[in-house]
Amino acid sequence: MKSPLLTLPGAVPAEGVDEGVAAHYGDLFREQRALADGTGFVDLSHRGVVAVTGEDRLAWLHLLLTQHVSDLPAGRATEALILSANGHIEHALYLVDDGGTVWAHVEPGTQEALIAYLESMKFFYKVEVADRTADTAVVHLPAGSIAEVPDGAVVRETPHGRDLFLPRAELEAYAAQAGPPAGILAYEALRVEQHRPRLGFETDHRTIPHELGWIGSAVHLQKGCYRGQETVARVQNLGKPPRRLVFLHLDGSEVHLPVAGTELRLADDGPDGRKIGFITTSARHHELGPVALALVKRNVAVDAPLVAGDTAAAQEVVVEP
């Protein structure tokens, strides 16, 4: 879905999964600094929006999600996953209940598969699931923002900022008074700095929640059964995940930024060394320079120098080995 905000001055369209919104508006670092200072907004209107209504909505979702939501207070933000039977991550939902509806935004293009799964699990519960992407747009306000929130907007407030669920028809009018726009590249650079994983970026077909540090924030360990719980419990109680998320400081002298999928090796092993991981997201940060998130084998020493392709990389622990 193409955002009308791509007509704003300087807007350069994003590519790939984030196609439909602006990558940037002409000055990536200025946009990052604005968000870090609590000003401006990010157009996330390409993300899928799913709404669940009905008196059983929280009890029903509690049975399906990794998060404890049966008693979720109105207005409290949370996040949750849906796992496969083997415990692999299939969906990530960013939720808030407004007192009558659970609103969730999800990765672009994933809402149809998510809704198909939810519909298959309704049984006798009094719930209705709707795809609201066509009429609802997500806008992100950074932490510390004093921008006004339109009457009637649903707000999902987190330590990283506020996600607004706005009527799509009001998106342009809101953007005109919300401050300077920042593109998705600025938003992603700060996400990398904050070590926050993203479905489809830090995940692949075999990722389990422990690898990304999603235990606690998206996975509640003291709740009843849900699909994939056996894997979560087994890893939590008896073992360690095979991989772990790390934050990388990349050599800033390199002209080219290693892209997602770039293989990681131990620096001491040279260019023909064994692959020990790969970059999942890379970014140019306004203060830290080139940085990245990556998945590495659990037994890689936390202080081992790495190379991403030809680029030197120093680790910072996100998930403990």
Side-chain angles (χ1 to χ4, degrees), residues 12 14-19 23-24 28-29 31-33 35-36 42 44 89 92 107-108 140 142 160 182-214 217-218 241-271 273-321:
V12 175
E15 299 178 346
V17 173
D18 290 320
E19 182 180 2
H24 61 82
L28 173 62
F29 289 160
E31 294 165 31
Q32 284 187 39
R33 287 191 291 269
L35 292 179
V42 183
L44 298 179
I89 299 169
E107 287 299 323
H140 175 76
H160 307 292
I184 194 70
L185 290 182
Y187 179 84
E188 284 288 284
L190 298 187
R191 177 181 71 81
V192 170
E193 177 196 12
Q194 296 157 356
H195 306 167
R196 293 189 289 131
R198 182 177 174 188
L199 183 78
F201 287 64
E202 280 61 60
T203 69
D204 57 21
H205 67 282
R206 59 192 180 98
T207 305
I208 61 175
H210 290 80
E211 295 178 319
L212 304 184
W214 251 329
S217 63
R243 304 178 295 181
R244 59 184 178 87
L245 185 69
V246 297
F247 178 78
L248 298 179
H249 295 272
L250 302 172
D251 182 357
S253 66
E254 296 289 339
V255 175
H256 300 291
L257 187 68
V259 298
T262 300
E263 294 183 351
L264 292 171
R265 292 175 170 80
L266 296 174
D268 292 345
D269 290 349
R274 178 174 57 94
K275 174 186 172 183
I276 53 85
F278 58 94
I279 284 180
T280 57
T281 306
S282 58
R284 297 190 184 277
H285 191 274
H286 69 287
E287 289 183 340
L288 301 176
V291 294
L293 293 175
L295 277 174
V296 300
K297 294 181 182 296
R298 177 176 56 84
N299 60 1
V300 172
V302 297
D303 57 352
L306 308 179
V307 288
D310 297 326
T311 302
Q315 298 179 69
E316 190 173 304
V317 174
V318 177
V319 174
E320 295 287 342

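None of the values given here were measured: they were computed from a predicted structure.
When atom types are taken as modelled, the side chain of Gln32 and the backbone of Arg284 share a donor-acceptor pair closer than 3.5 angstrom. One N or O on the side chain of Ser282 and one on the backbone of Pro258 form a donor-acceptor pair closer than 3.5 Å. In terms of modelled atom types and a separation under 3.5 Å, the side chain of Arg243 and the main chain of Leu295 share no donor-acceptor contact. Judged purely by atom type and a 3.5 angstrom limit, Thr281 has no side-chain atom pairing as donor or acceptor with the backbone of Leu293. At least one donor-acceptor pair closer than 3.5 Å links the side chain of Glu31 to the backbone N or O of Gly183. The backbone N or O of Val300 sits less than 3.5 Å from a side-chain atom of Arg244, completing a donor-acceptor pair.
Within 6.0 Å of atom CD in Glu193, more than 12 heavy atoms from other residues, nucleotides or ligands are found, so the atom counts as buried in its surroundings. Surrounding NZ of Lys275 are more than 12 heavy atoms belonging to other residues, nucleotides or ligands, all under 6.0 Å away. Heavy-atom contacts from other residues, nucleotides or ligands closer than 6.0 Å to CD of Gln194 number more than 12.
The aromatic rings of His140 and Tyr187 lie perpendicular to each other, with more than 60° between the two planes, well past the 30° mark.
The shortest non-hydrogen separation linking Leu257 to Leu250 is CD1-CD1, 4.0 Å. Closest non-hydrogen pair, Ala312 versus Val307, comes out as CA-CG1, 4.3 Å. Smallest separation of non-hydrogen atoms from Ala14 and Ile184: CB-CG2, 3.9 Å. When every heavy atom of Gly261 is checked against every heavy atom of Phe278, the shortest pair comes out as O-CB, 4.1 Å. Among all heavy-atom pairs drawn from Val17 and Arg198, the shortest one is CG1-NH2, 4.0 Å. Here the closest non-hydrogen pair linking Ala283 and Ala189 is CB-CA, 3.8 Å.
Counting only heavy atoms from C-beta outward, the side chains of Ile279 and Leu264 approach each other to under 4.5 Å. Contact annotation: the side chain of Val291 never approaches that of Glu316 to less than 4.5 Å [non-hydrogen atoms, C-beta and beyond]. Counting heavy atoms from C-beta on, the side chains of Val302 and Pro321 come closer than 4.5 Å. Residues Asp310 and Asp251 have side chains not in contact (no heavy-atom distance under 4.5 Å, counting atoms from C-beta outward). Looking at Glu211 and Thr207, their side chains come closer than 4.5 Å, going by heavy atoms from C-beta outward. Taking 4.5 Å as the limit, every side-chain heavy atom of Thr203 sits out of range of all side-chain heavy atoms of Thr280. With a 4.5 Å cut-off on side-chain heavy atoms, Arg191 and Phe201 count as touching. Residues Leu306 and Gln315 meet the side-chain proximity criterion, which asks for heavy atoms closer than 4.5 Å.
Rounded to the nearest 0.5 angstrom, His195 NE2 and Leu212 CG are separated by 13.0 Å. The distance from atom CG of Leu28 to atom NE2 of His286, rounded to the nearest 0.5 Å, is 10.0 Å. From Glu320, atom CD reaches atom CZ of Arg298 across 12.5 Å, with rounding to the nearest 0.5 Å. Asp204 contributes atom CG, which lies 10.5 Å from atom CG of Leu199 (distance to the nearest 0.5 angstrom).
In summary, the side chains of Arg196 and Ser217 do not present any donor paired with an acceptor at a separation below 3.5 Å, with no hydrogens or angles considered.
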